[in-house]
Amino acid sequence: LQGITTGLLAGTEGIKIGGDSTDYANITASGNISMNGNDSGKSAGMSVIVDYANIESINGDYHLNIAGEKTSNITNTNITANNIEITSDPVDLGGIVLSGVNVTSTVDDIHINTTAKNKSIWIKANSSLNSNRDIILNGEANSTGEGIVIQGASDTSRNMIKAQRDITL
């Protein structure tokens with residue numbers, strides 16, 4: 001999937017995938033799944049927005065590349081693949097926000113590498129990262145923002161990060 005928008009109208013996204021709490025959007029492939037989202041406009045919108053979705057690569061990898069000026073938001077979503085890689089080129093505001101997301105790498109690593117002005121990697125409540133090997137989070141904020149934020153505000157909204165080998169922040 002490749003989505004590019006200049007965001008001339010408010011609410012335009014490079015890639016938008018969504019269902020609802022009772023009917024998830026499903027993307028399944030026997031091989032690799034690649035998504036490239038770009039929103040370089042000045043109006044409200046995101047490079048990638050995924051809400052209420054199941055994304056599964058049965059025998060391949062999942063790659064998400066974020067470019068442009070806007071944050072990307074993945075919520076209420078399950079992502080499963082052999083290897084998971086999320087990258088962002090320098091973006092204006094935030095890099096990637098994960099909220100209520102379960103990310104599972106069944107064979108290899110989870111690697112998230114982003115650069116942004118504010119909250120390069122923001123893992124919000126009720127999210128989990130599970131890897132059969134390593135988890136590598138590399139978040140770079142190029143102003144006064146935070147590189148990596150892992151947020152769980154109470155006992156009922158904790159996050160889980162679990163690797164069979166190494167975790168690197």
Side-chain angles (χ1 to χ4, degrees), residues 1-2 14-15 17 24-38 46-68 71-91 93-143 145-169:
L1 296 173
Q2 180 165 340
I15 295 175
I17 299 168
Y24 277 52
N26 293 300
I27 297 174
T28 304
S30 295
N32 297 330
I33 298 173
S34 295
M35 298 180 182
N36 297 301
N38 184 334
M46 294 190 178
S47 293
V48 175
I49 185 166
V50 180
D51 192 22
Y52 291 107
N54 294 311
I55 299 170
E56 181 180 19
S57 172
I58 296 169
N59 291 311
D61 299 336
Y62 174 75
H63 300 278
L64 172 60
N65 183 35
I66 303 160
T71 300
S72 292
N73 199 7
I74 301 176
T75 57
N76 306 307
T77 296
N78 301 301
I79 300 171
T80 305
N82 289 351
N83 180 58
I84 296 170
E85 184 175 357
I86 299 172
T87 60
S88 78
D89 296 330
V91 293
L93 299 173
I96 183 82
V97 179
L98 304 173
S99 180
V101 174
N102 297 306
V103 179
T104 303
S105 173
T106 57
V107 175
D108 213 348
D109 302 333
I110 296 172
H111 189 188
I112 303 175
N113 183 14
T114 64
T115 302
K117 283 187 178 178
N118 186 28
K119 292 185 177 81
S120 187
I121 300 171
W122 188 3
I123 302 172
K124 296 176 91 174
N126 299 314
S127 293
S128 67
L129 304 177
N130 300 290
S131 176
N132 197 42
R133 290 191 46 187
D134 300 332
I135 296 175
I136 302 140
L137 304 179
N138 181 23
E140 180 181 335
N142 55 18
S143 70
E146 299 91 357
I148 300 171
V149 176
I150 301 172
Q151 179 183 35
S154 69
D155 288 342
T156 59
S157 64
R158 297 289 182 215
N159 296 307
M160 180 178 68
I161 298 176
K162 182 179 175 183
Q164 295 299 316
R165 292 189 356 184
D166 299 329
I167 297 174
T168 305
L169 304 177

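We number each residue from 1, following the sequence as shown. These values consider heavy atoms only, across backbone and side chains, with no hydrogens, waters or symmetry-generated copies.
- Among residues two or more places apart in sequence or in another chain, the side chain to side chain contact (heavy atoms under 4.5 Å, CB included) test is passed with Glu140 by Thr115.
- The closest donor-acceptor contact from the side chain of Arg158 to the backbone of Gly152 lies under 3.5 Å.
- Not counting sequence neighbours, the partners of Thr28 by the side chain to side chain contact (heavy atoms under 4.5 Å, CB included) test are Glu56, Ile58.
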* **Check against side chain to side chain contact (heavy atoms under 4.5 Å, CB included), Ile74 and Leu64** => CA-CA 11 Å; Ile74 301 176; Leu64 172 60; 3.8 Å; yes
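- Taking Thr156 as the reference, Ser154 meet the side chain to side chain donor-acceptor pair (under 3.5 Å) condition, with sequence neighbours excluded.
- Here the shortest heavy-atom pairing between Gly60 and Ala81 reads O-CB, 3.6 Å.
- Nearest approach of Ser127 to Gly100, heavy atoms of both residues: OG-N, 3.0 Å.
- In this view, Thr114 and Ser88, Ile96, Ile112, Ser120, Ile121 satisfy the side chain to side chain contact (heavy atoms under 4.5 Å, CB included) rule, not counting sequence neighbours.
- Annotation: the span from Ser157 atom OG to Asn126 atom CG amounts to 5.5 Å, rounded to 0.5 Å.
- The side chain to side chain contact (heavy atoms under 4.5 Å, CB included) search around Asn82 returns Asp61, Thr106, Val107, not counting sequence neighbours.
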Mind listing the side-chain donor-acceptor pairs of residues 161-169 below 3.5 Å, one per line with the distance, residues two or more places apart or on another chain?
{"residue": "Arg165", "atom": "NE", "partner": "Asp134", "partner atom": "OD1", "Å": "3.3"}
{"residue": "Arg165", "atom": "NH2", "partner": "Asp134", "partner atom": "OD2", "Å": "3.3"}

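- Defined by atom type and a distance below 3.5 Å, a donor-acceptor pair is missing between the side-chain atoms of Ser30 and Asn59.
- When all heavy atoms of Gln151 and Asn159 are compared, the pair lying nearest together is O-ND2, 2.8 Å.
- Considering all non-hydrogen atoms of both residues, Asn83 and Ser105 come closest at CA-OG, 3.8 Å.
- With Val50 as the partner, the side chain to side chain contact (heavy atoms under 4.5 Å, CB included) test is satisfied by one option alone out of Ile79, Val101, Thr77, Asn73: Thr77.
- The two residues Tyr24 and Asn76 make their nearest non-hydrogen contact at CE2-O, 3.3 Å.
- Between the CG atom of Leu98 and the NZ atom of Lys124 there is a distance of 10.5 Å, given to the nearest 0.5 Å.
- When side chains are defined from C-beta on, Tyr62 counts as touching Met35, because their heavy atoms get closer than 4.5 Å.
- To the nearest 0.5 Å, the span separating NE2 on His63 from OG on Ser34 amounts to 5.0 Å.
- Residues Thr75 and Asp51 come closest through the heavy atom pair OG1-OD1, 2.5 Å.
- Atom CG of Asn78 is separated from atom CD1 of Ile55 by 9.0 Å, given to the nearest 0.5 angstrom.
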* Quick one: do Asn65 and Thr87 satisfy side-chain hydrogen bond (donor to acceptor under 3.5 Å, both in side chains)? Show the steps, please. => CA-CA 5 Å; Asn65 183 35; Thr87 60; 3.1 Å; yes
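- Residues Ile123 and Leu129 form a side-chain contact, since some pair of their non-hydrogen atoms from C-beta on lies under 4.5 Å apart.
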